[in-house]
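Just so it is clear, the model here is predicted, and its values are computed rather than measured. Just the heavy atoms: all of them, side chains too, but no hydrogens, waters or symmetry mates, feed the values below.
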Amino acid sequence: MPRGSKTKVSFGHLQLAAGFLIRRTECWSTQRGVKMKIKIGESFRNNVYMLGLAWKLSKAYACVFALLIIVTIVRDLVLVIAPKYILDSMQYGGSLEAIVLPVVIYVGLYFALHALVHTLVYFRTILESRLKMMLNIKLGEKYMKVDYSFLEDNKSIDMFNRAKMAVSGGLDDIQTLGMTGEQGISGYFDQLFNIIKDMILMVSVLYVFSYMKPFMTLIVCGCIVLSIVFSMVKMKAAVKVRDKAGPYLTKSRYCNKLLRTFEFGKEFRIFGMTDFIVSKFHDCTEEYVGVRNRSKNASCISEVLFCCVNNGMRFAVLAALIYMLSDHVITVGDFSMIFSAVLTFSDTALNLLNSMISMNVLSAYMTDYQRCMGLSESDGSFGGLELGSGGHTVEVRNVWFKYNGADDYALKNISLTIRPGEHLSVVGPNGAGKTTFIKLLLGLYKPEKGEILIDGKGMDAYSAQSLRRYMSAVFQDFKIFAMNIEENIALNDKIDVQALDESISRAQIRDRIDMLPKKEKSVIGGFFDEGDMMLSGGESQKIALSRSFYRKTDVIVLDEPTSALDVISEDKMYNSVARCSGRETILFISHRLASTRLADRIVVFEAAGIAEEGTHSELLERKGIYCNMWNAQVEKFRSKKTLSKGSSGS
């Protein structure tokens, strides 16, 4: 049967739809209310970066990902094109064998491709879990190796948190924008898969449009453009929902966290806070749900309009195809192929738009992951000289320092020489700069002006490894890990039994450990087993002290080392440290003055500078800041003692 001549359609009509798809898309990221514009170019760079990283970390995943795209496209094209030849063969009266064989091949091929797609999805899921783990490990390694100043900067912490969400999920934007699907790296590669697959599939089915009349092509493209407009209206409505609902969602999650977190258990019970927090949780959740429900009108209207336009387009194309079929312009096979191609093209175009919108939201977080991985690591800023064992003189010369974003200096013109084997007590009120001074001394920060010298050479000249072997510290905000006691002290799995025993004894915690059934093998924290050991604040502090003693460094810095100990334990601790230390240089940092009488020298910090320096007796004779602090603490102790006697006498 003769067919009408095919009309080759210009791609000009399709470029309008493509323009909508590749035009710069705006999305808003809710973290801290920052409005963020993401361009397609930035998304493209992120896609190239993540594909390259996936290839580097797991070539198997990258190969499965690419193969899955190819097989999925082939399967969808078979569904569109193959029925044409079967129906044409049936229409023109081919033999039974000529009809059955293509049907069997078609059905077999389709089911084989479908099974292969599911198999590849299975392997992709397995490999993706491993890839996700490796990305998290790389981010964790980077977090531990960047300059310490990044870890005390809110913007940097926020960037690392967003980078973690890029891998693991938990994105507020996805939930409050009403988007569905996976989050984190799984969601990212899902959207990337959809974008690549849909773009190739759209280009592939354009061939079929050559069978259509120009007016049919215009109808399809026009309806796609209108559908895109409705989708953008829906997206803008969702953004408004996010902006209004985001704060309520954040508050609701915080209240939910309070109700599930062990560390707040005492306050909840002592102050009877449960009903108060539950009420706040309920109110915030109600507000969040209410805002989302009230703002669904625009979304609902756009959905209705979209359905009307989409179904109208399908009806118009279907009517035109029926007319062309009845007029013998096209065959039954052409009818099937064209209509399937129109449905595939329109659905794919809209899926592509939704994937690109979701990708833009996810890309904002992936940008943070890329920035985090591009940060320089702190070890690269140190030199190659090695510090040998034995005494070394440390000189702090005219050091000034202030934190990023701060107006005032935390340290001003600090000059101090620390001699080998010296016991130095650094005291002063809170906020005087004591802890900042120690962070500079340990190399966590670098002076803004001035320098720190070891044996006359700048600290930058020595390798980071030798500096860590030279100095150790116990900070007031020390951390205890969910490991056994010996691992918590040694901080590795290679245990020096003799050094472990000595450090436990020096830290005055031997008796407590010997009471435990597993002794040093006892696990701390209660995170993994109900039988784990739970430590008091003072016991935890002694474990932290044991770490410094175990490492046998030349310099030990004790920053508020006894803040969780009682007076008697504190006195024993300081006497033990002073008595057992031989060659070590000890720096006591505290606003409590129990350590000062054991020190060879006392340095008093006030208002970011050194106010006084000398021995205990010398500073008392001067009747300055130190004398006032000492007298105030002595008076406080006497008052407590008097009150204790009075209560016992009654």
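Between the CZ atom of Arg45 and the OG1 atom of Thr367 there is a distance of 8.5 Å, given to the nearest 0.5 Å. Atom CZ of Arg130 is separated from atom OH of Tyr61 by 14.5 Å, given to the nearest 0.5 angstrom. Once rounded to the nearest 0.5 Å, the distance linking CG of Leu131 with CG of Leu53 reads 7.0 Å. Atoms CD1 and CG, on Ile70 and Leu113 in that order, are 12.0 Å from each other to the nearest 0.5 Å. Distance check, rounded to the nearest 0.5 Å: OG1 of Thr72 to NZ of Lys197 gives 7.0 Å. Summarising the geometry, atom CE belonging to Met202 is positioned 7.0 Å from atom OG1 belonging to Thr348; distances are rounded to the nearest 0.5 Å.
Inter-residue side-chain proximity for Leu201 and Thr344 is flagged as met; some heavy-atom pair is nearer than 4.5 Å. Contact of the Leu120 side chain with the Phe65 side chain is not registered, since no non-hydrogen atoms from C-beta on lie closer than 4.5 Å. Residues Leu51 and Trp55 are not in side-chain contact: their nearest non-hydrogen atoms beyond the backbone lie 4.5 Å or more apart. With a 4.5 Å cut-off on side-chain heavy atoms, Asp460 and Glu451 do not count as touching. Between Tyr369 and Lys142 there is no side-chain heavy-atom pair separated by less than 4.5 Å. Between Ile185 and Met366 there is a side-chain heavy-atom pair separated by less than 4.5 Å. Annotation: side chain of Val167 is in contact with side chain of Lys132 (closest heavy-atom distance under 4.5 Å). A 4.5 Å side-chain heavy-atom check between Leu139 and Leu135 finds every atom pair outside the cut-off.
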Next item on the list: Apply the test side chain to side chain contact (heavy atoms under 4.5 Å, CB included) to residues Tyr445 and Ile438: give CA-CA distance (whole Å), side-chain angles for both, the deciding distance (0.1 Å), then the verdict.
Entry: CA-CA 9 Å; Tyr445 285 121; Ile438 293 306; over 6 Å; no
Next item on the list: Evaluate side chain to side chain contact (heavy atoms under 4.5 Å, CB included) for Phe123 paired with Leu68, printing each intermediate quantity in order.
Entry: CA-CA 10 Å; Phe123 282 111; Leu68 182 59; over 6 Å; no
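Between Tyr110 and His114, a ring centre-to-centre spacing shorter than 6.0 Å is recorded. A ring-centre distance under 6.0 Å is not found for Tyr462 and Tyr470.
Panel note: side chain Thr125, backbone Val121; a donor-acceptor pair is recorded below 3.5 Å. With hydrogens and angles ignored, the 3.5 Å screen pairs a side-chain donor or acceptor of Asn488 with a backbone N or O of Met483.
Arg124 pairs by the salt bridge (charged side-chain N to carboxylate O under 4.0 Å, His left out) definition with Glu128, Asp190, not counting sequence neighbours. Here Glu448 pairs with nothing under the salt bridge (charged side-chain N to carboxylate O under 4.0 Å, His left out) rule; sequence neighbours left out. Among residues two or more places apart in sequence or in another chain, the side-chain contact (heavy atoms from CB on, under 4.5 Å) test is passed with Ala410 by Phe401, Tyr403, Thr436. Contacts of Thr435 classified as side-chain contact (heavy atoms from CB on, under 4.5 Å), with partners at least two apart in sequence or in another chain: Lys439, Gln476, Asp559. Checked against side-chain contact (heavy atoms from CB on, under 4.5 Å), Ser336 has the following partners two or more places apart in sequence or in another chain: Pro83, Leu87, Ser340.
The two atoms that bring Pro447 and Val399 nearest to each other are CB-CG1, 3.8 Å, heavy atoms only. Taking each heavy atom of Arg75 and Val117 in turn, the nearest pair found is NH1-CG1, 3.9 Å. Heavy atoms only, all atoms of each residue included: Ser355 and Asn194 are closest at OG-CB, 3.3 Å.
Among residue pairs with one or both ends in residues 342-363, those qualifying as salt bridge (Lys or Arg N to Asp or Glu O under 4.0 Å) are Arg314-Asp347; sequence neighbours excluded.
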